[in-house]
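Okay, handing you the structure first.
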Amino acid sequence: MKFDPQSIARRLASWFSRHARELPWRSNPDPYRVWISEIMLQQTQVATVIPYFERFIARFPDVRALAAAHLDDVLAQWSGLGYYRRARMLHACSREIIATHGGEFPGDYEAILDLPGIGRYTAGAIASIAFGQPRPVLDGNVERVLARLTALRADVKSAAAQKKLWFWATEVVEAAKSPSTVNQALMELGAMVCTPQNPGCKVCPLRATCAAKHAGIQEQLPVRRKAAASKAIRYAALILCDARGRVLLTRREKSGESLLPHGLWEFPHVVWPARKVSPLRELSAIAGVSITAVSEAAPVRHAIMNYRVELVALAAKTSGRVTKTRPPQQWFKPAELASLPMASATRKLFIAR
DNA sequence: AAGCCGGGGAT
DNA sequence: ATCCCAGGCTT
């Protein structure tokens, strides 16, 4: 079972020409669109990304528009996608492209790799897809395809396995007539045919040279060490309305105790380990406002990282017309919440109140 | 090398 | 309920 990069590249290109999905960022693969799509696609599935990509490009059509925007507007567009640091680095990166590359996305691989938020994978994707350069990509899809093709039995995340996988990815892209096509084909094959479960070996263009298929172990590969067990945690969150129906939100300056990242608006909340103990006094102290008429909503369950989070919304009112709260707190009309940078869990809480 | 950072679709 | 996804940065 010989690993023949030339043959693999040819078969991938042929297959891709017939089976590639039409995706928004494929219609016009200029560096800006490829960059935005690749950042969004980090650890995020295609179906999730598509509507975000369309909205983002409409709002920020080029590097200059993104660099001119406020970070809050970028975070608001990102709300619900997760990994919010991606949005911060995207924004910082746009400003660096203005400052050091005259607003033109750099085509030099080392220059791309130097940009914030762009690592080896994303640099390879941009260099190959937007600039046609023979740079390798290795993502979860390519890892799986190559691990099966070569019957790699080591943990794919180990240093030794990663070295081999990057080497094979390099061999394939360097044998390609079109690096853009072959890199996208590797990823597309992993997404559509060489899937984690029930791989479609019968329709795979590489089945004849797949060592895992030959040995009948394609379902056992790739080998990944199992994740740590998730932990349970419960929060009580205060959905506080003033006499005018405005709701109190707060925003932390830096990441700390909370699972939520900084920069996003959230409801005042505390860890609530024992339901016997009322969190109201503590919540009231955090909000800096006296509260009345509390009603408890049904818990919201939310999986985040390796936590299983139970969120309990405590809807409450505060008497009188509150005008002053200590920053970074602010009263918002409910209709304003849609345009604020906010995590999915926070929106769930408001809906559940 | 290991830990950290979200959210959702597929099964 | 579990897996895993077009990763990168920090320690």
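In this text, all values refer to a predicted model and were calculated from it rather than measured experimentally. Naming convention: chains lettered A, B, ... in sequence-line order (proteins, then strands); numbering from 1 in each chain.
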Polar pairs (N or O, both sides) under 3.5 Å between protein and nucleotides 9-11 of chain C?
unit_1: dC9(C); atom_1: OP1; unit_2: G117(A); atom_2: N; d: 2.7

Rounded to whole angstroms, how far apart are CD on E188(A) and P on dA6(C)?
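One finds 10 Å between P of dA6(C) and CD of E188(A), rounded.
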Output the rounded distance in Å from NZ (K157(A)) to P (dG7(C)).
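To the nearest whole Å, that distance equals 8 Å.
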Please give the distance between the P atoms of dT11(C) and dG6(B) as a whole number of Å.
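Here dT11(C) and dG6(B) have their P atoms 16 Å from each other.
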side-chain contact (heavy atoms from CB on, under 4.5 Å) partners for I98(A), two or more places apart
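I98(A) satisfies side-chain contact (heavy atoms from CB on, under 4.5 Å) with V63(A), R64(A), A67(A) only.
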Below 6.0 angstrom between ring centroids: does that apply to W265(A) and F332(A)?
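Yes, close enough.
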5'-most contact on DNA chain B: A343(A) or N306(A), nearest heavy atom basis?
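Of the two residues, N306(A) wins.
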Donor on one side chain, acceptor on other, S7(A) and R11(A), under 3.5 Å
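Yes, side-chain donor-acceptor contact under 3.5 Å.
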Compile the donor-acceptor pairs under 3.5 Å between side chains in residues 345-353 of chain A and protein atoms, sequence neighbours left out, one pair per line.
unit_1: R347(A); atom_1: NH1; unit_2: L337(A); atom_2: O; d: 3.1
unit_1: R347(A); atom_1: NH2; unit_2: L340(A); atom_2: O; d: 3.0
unit_1: K348(A); atom_1: NZ; unit_2: H302(A); atom_2: ND1; d: 2.9
unit_1: R353(A); atom_1: NH1; unit_2: F350(A); atom_2: O; d: 2.7

Shortest side-chain distance from A159(A), nucleotide among dA6(C), dG7(B), dA1(B):
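Taking heavy atoms from C-beta onward, the closest nucleotide is dA1(B).
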I want to check one thing: is the phosphate of dG8(C), taken as OP1 and OP2, less than 4.0 Å away from some side-chain N or O of T122(A)?
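For dG8(C), OP1 or OP2 has a side-chain N or O of T122(A) closer than 4.0 Å.
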At under 4.0 Å between heavy atoms, what does W25(A) touch on the DNA or RNA strands: base, sugar-phosphate, or nothing?
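It contacts base atoms.
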Short side-chain to backbone donor-acceptor contact, R153(A) and L221(A), under 3.5 Å:
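Judged by distance alone, no pair lies under 3.5 Å.
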Would you indicate which nucleotide in dC5(B), dG7(C), dC4(C) comes nearest to any side-chain atom of M305(A)?
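Closest nucleotide among those given: dC5(B).
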For M192(A) and dA6(C), what is the distance between atoms CE and P respectively, to the nearest whole Å?
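One finds 11 Å between P of dA6(C) and CE of M192(A), rounded.
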Ignoring hydrogens and angles, write down the donor-acceptor pairs under 3.5 Å from the side chains of residues 103-117 of chain A, residues two or more places apart or on other chains.
unit_1: D108(A); atom_1: OD2; unit_2: E110(A); atom_2: N; d: 3.4
unit_1: D108(A); atom_1: OD2; unit_2: A111(A); atom_2: N; d: 3.2

R86(A) CZ - dA6(C) C1' separation (whole Å):
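Computing the R86(A):CZ to dA6(C):C1' distance gives 11 Å.
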Protein-nucleotides 8-11 of chain B N/O pairs closer than 3.5 Å?
unit_1: dG8(B); atom_1: N2; unit_2: Q45(A); atom_2: NE2; d: 3.2
unit_1: dG9(B); atom_1: O4'; unit_2: Q45(A); atom_2: OE1; d: 2.9

Y121(A), nearest nucleotide to its side chain (from dG6(B), dC4(C), dA6(C)):
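Selected nucleotide: dA6(C).
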Can you tell if the side chain of L283(A) reaches within under 4.5 Å of the side chain of L314(A), non-hydrogen atoms only?
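Yes. Closest side-chain heavy atoms under 4.5 Å.
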Integer-rounded Å distance: dG6(B) P and L264(A) CG
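The distance from CG of L264(A) to P of dG6(B) comes to 8 Å, rounded to the nearest Å.
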Between dA6(C) and dC4(B), how far is it from one P atom to the other, in whole Å?
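My reading of the P atoms in dA6(C) and dC4(B) gives 24 Å.
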Nearest-angstrom distance from the residue atom CE of M40(A) to P of dG6(B)
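Distance check: M40(A) CE to dG6(B) P gives 16 Å.
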Looking at L189(A), L186(A), V193(A), which one forms a side-chain contact (heavy atoms from CB on, under 4.5 Å) with L206(A)?
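Exactly one pass, corresponding to L189(A).
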Can you tell me which nucleotide in dG7(B), dC5(B), dC4(C) comes closest to the side chain of Y84(A)?
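Nearest listed nucleotide: dG7(B).
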Tell me if the side-chain of Q43(A) makes a donor-acceptor pair with the base of dG7(C), cut-off 3.5 Å, by modelled atom types.
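Present.
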Round to a whole Å and report the spacing from CG of L81(A) to P of dC5(B).
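About 18 Å, once rounded to whole Å.
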R144(A) vs dC5(C): side-chain N/O to OP1/OP2 distance below 4.0 Å:
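For dC5(C), OP1 or OP2 has a side-chain N or O of R144(A) closer than 4.0 Å.
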So, using side-chain contact (heavy atoms from CB on, under 4.5 Å) as the criterion, who are the partners of A125(A) when residues are at least two apart?
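Partners of A125(A) by the side-chain contact (heavy atoms from CB on, under 4.5 Å) criterion, ordered by chain and then number, come out as E38(A), Y121(A), I129(A), V137(A).
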Once you round it to whole Å, what is the distance between P of dC5(C) and CE of M187(A)?
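In whole Å, dC5(C) P and M187(A) CE are 13 Å from each other.
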A side-chain contact here means heavy atoms from C-beta on lying under 4.5 Å apart; do R86(A) and Q42(A) qualify?
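In short, these two side chains touch, coming nearer than 4.5 Å.
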